[in-house]
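Encoded as structure tokens, the structure appears first; notes follow it.
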Amino acid sequence: MSSKKSRKSKLEDSDSDSGPDDRNPPKKAKNEKATSASTSGDDELKFPLSKYKFVTVREFRGKLLVDIREHYEKDGEMMPGRKGICLNMEQWNALKEQMENIEGAIKKF
């Protein structure tokens, strides 16, 4: 049986789909087009997928991350939610390498 301490350290070290919480997300204008990327002062790029889903490329604790996340609107600002996945560059590259296989699987349905 594992102790509480070892379970906690495993959780802290694991890749979680919730990703790091972004305490200072970039502000998004309501009239921003769904095909453009927005930037913030934190050298972060945000690409809209739909009204409430975004891909954000940013650096967190010295690591470059691709964060695919649902957002919600609060006081006229788009805020990152808990639902999503944050990929490091190794995981992002693995996803890109599988893109043809994924497209093929989609076409079968």
Side-chain angles (χ1 to χ4, degrees):
M1 234 186 245
S2 64
S3 68
K4 287 183 182 181
K5 183 178 178 182
S6 66
R7 284 192 303 201
K8 183 178 179 184
S9 65
K10 286 179 185 177
L11 289 174
E12 290 171 352
D13 293 338
S14 70
D15 289 332
S16 171
D17 66 350
S18 65
D21 290 331
D22 193 350
R23 301 286 184 221
N24 299 310
K27 294 181 180 180
K28 180 184 172 203
K30 283 188 174 186
N31 61 357
E32 187 175 330
K33 291 183 179 179
T35 57
S36 65
S38 64
T39 61
S40 73
D42 299 330
D43 294 330
E44 176 175 287
L45 291 171
K46 186 178 275 192
F47 302 89
L49 298 177
S50 66
K51 184 175 180 180
Y52 293 106
K53 292 183 182 170
F54 294 88
V55 175
T56 305
V57 179
R58 62 193 168 104
E59 193 172 328
F60 182 76
R61 295 184 181 173
K63 294 182 181 180
L64 189 58
L65 302 172
V66 177
D67 191 7
I68 305 168
R69 190 155 305 281
E70 284 188 359
H71 286 61
Y72 61 95
E73 196 168 346
K74 180 179 179 183
D75 300 327
E77 286 186 51
M78 295 302 288
M79 306 293 287
R82 295 186 60 96
K83 287 185 177 181
I85 185 167
C86 195
L87 304 173
N88 62 32
M89 288 300 96
E90 181 182 341
Q91 294 163 333
W92 172 249
N93 288 326
L95 176 63
K96 288 190 317 182
E97 288 175 11
Q98 293 296 326
M99 203 54 70
E100 284 185 33
N101 295 332
I102 295 168
E103 286 288 335
I106 290 170
K107 289 178 182 176
K108 288 182 181 179
F109 286 93

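These numbers were taken from a predicted model, which means no experiment stands behind them.
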Counterpart residues, side-chain contact (heavy atoms from CB on, under 4.5 Å), relative to L95 (two or more places apart): L87, W92, M99, I102

Only counting residues at least two apart or in another chain, list the ones meeting side-chain contact (heavy atoms from CB on, under 4.5 Å) with K107. none

Taking the side chain as C-beta and beyond, is there a heavy-atom pair between R69 and C86 under 4.5 Å? yes

Do you know the tightest heavy-atom contact between Y72 and Y52? CA-CD2, 4.3 Å

Does D67 form a side-chain contact (heavy atoms from CB on, under 4.5 Å) with R58? I'd like the steps, not just the answer. CA-CA 8 Å; D67 191 7; R58 62 193 168 104; 2.9 Å; yes

Considering residues at least two apart in sequence or located in another chain, which fulfil the side-chain hydrogen bond (donor to acceptor under 3.5 Å, both in side chains) criterion with N101? Q98

Using salt bridge (Lys or Arg N to Asp or Glu O under 4.0 Å) as the criterion, list what pairs up with K53, not counting sequence neighbours. E70

Closest contact, heavy atoms only, T56 versus E44: CG2-CG, 3.4 Å

Contacts of K96 meeting side-chain hydrogen bond (donor to acceptor under 3.5 Å, both in side chains) (sequence neighbours excluded), chain-then-number -> N93

